[in-house]
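In this text, all values refer to a predicted model and were calculated from it rather than measured experimentally. Only this structure's heavy atoms are used, side chains among them; waters, hydrogens and symmetry mates stay out. Starting from 1, each residue takes its place in the sequence as its number.
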Amino acid sequence: GLAAPTLLESRDSPCQRIDVVADQGEKAVFLDGVPFYRAGDLDAFNILLAQLPATLLAPSNREALVIGSGSFSSAAHLHRLGYRVHVIELDSAVAEIGFRQFADHHKLSAQDITVEIADARTALAQSQARYDLIVLDVPAPYRTQLALLHAPAFYRQVASHLNKDGVAALSLCSSLHDPLGQQIAASAAQAFREVMV
């Protein structure tokens, strides 16, 4: 769907294939050939997923966790709103490429956020940290490992790390009228006491 794509960087990590593509002055990141971040529609996605709930939870100086790094757009939105941001990313190559390739977009310095390279399920199981906002900026469940990040058990784990009035923001990866969206919404409804779609 890109008009004149140019491949800027491509890497096969142990987890997935990562491609950064330029098109008409904008960059996009594809994970296993599926768009994960792209200026325009997928930039608006990060605003809805991270910035909007963060704004509604103001005041600033709150704790936020972002699961998945991608282009670091979600983390950047939260940092600019005054959140202390911790990012958990499974794939070190995605974190390194995303931070470097999208630096002109996210405008973060290494000191602005903390990044932990780990499986979020394991990291949360070993952590006592609690957050005001947890953003699940993860790909759609096209593979088993990704599907586990959309399962009720993982959502319950996320809920256990929220402060009393904390919020988790996640994507249905589809329409609520689509079976995939319905399945993710049903998983969330099993884990969180209140769900808004």
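- The NE2 atom of H150 lies 5.5 Å from the OH atom of Y155; values are rounded to the nearest 0.5 Å.
- When side chains are defined from C-beta on, Q101 does not count as touching V29, because their heavy atoms never get closer than 4.5 Å.
- Taken from CD in Q16 to OH in Y142, the straight-line distance is 13.5 Å, to the nearest 0.5 Å.
- For the pair V66/L78, a side-chain contact is recorded, criterion being any heavy-atom separation below 4.5 Å from C-beta on.
- Listed for the R62 side chain is a donor-acceptor partner under 3.5 Å among the backbone atoms of L57.
- A donor-acceptor pair under 3.5 Å is absent between the side-chain atoms of R156 and the main chain of A188, judged by distance alone.
- We find the CG-CG distance between L136 and L149 to be 7.5 Å, quoted to the nearest 0.5 Å.
- With a 4.5 Å cut-off on side-chain heavy atoms, Y37 and L31 do not count as touching.
- For the side chain to side chain donor-acceptor pair (under 3.5 Å) with D137, the qualifying choice from S74, S71, S69, S73 is S74, the only one to do so.
- With values rounded to the nearest 0.5 angstrom, T122 atom OG1 is found 8.0 Å from Q157 atom CD.
- The hydrophobic cluster containing F30 also includes L2, L7, V21, under a criterion of side-chain heavy atoms closer than 4.5 Å among ILVMFWY residues, counted directly or through chains of members.
- Atom CD of residue E89 and atom CD1 of residue I117 lie 6.0 Å apart, to the nearest 0.5 angstrom.
- The closest side-chain heavy-atom distance from V94 to S13 is not below 4.5 Å.
- A donor-acceptor pair under 3.5 Å is absent between the side-chain atoms of D132 and the main chain of G166, judged by distance alone.
- Counting heavy atoms of neighbouring residues, nucleotides and ligands inside a 6.0 Å radius, atom CD of Q145 does not exceed 12 of them.
- The neighbour count for E96 CD, taken as heavy atoms of other residues, nucleotides or ligands under 6.0 Å away, is above 12.
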Task: Derivation and outcome, side-chain contact (heavy atoms from CB on, under 4.5 Å), residues V158 and L170 - done: CA-CA 11 Å; V158 167; L170 56 99; over 6 Å; no

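- Remark: side-chain polar atoms of R80 are paired, donor with acceptor, to backbone N or O of H106 under 3.5 angstrom.
- To the nearest 0.5 Å, the span separating CG on N46 from CG on L52 amounts to 12.5 Å.
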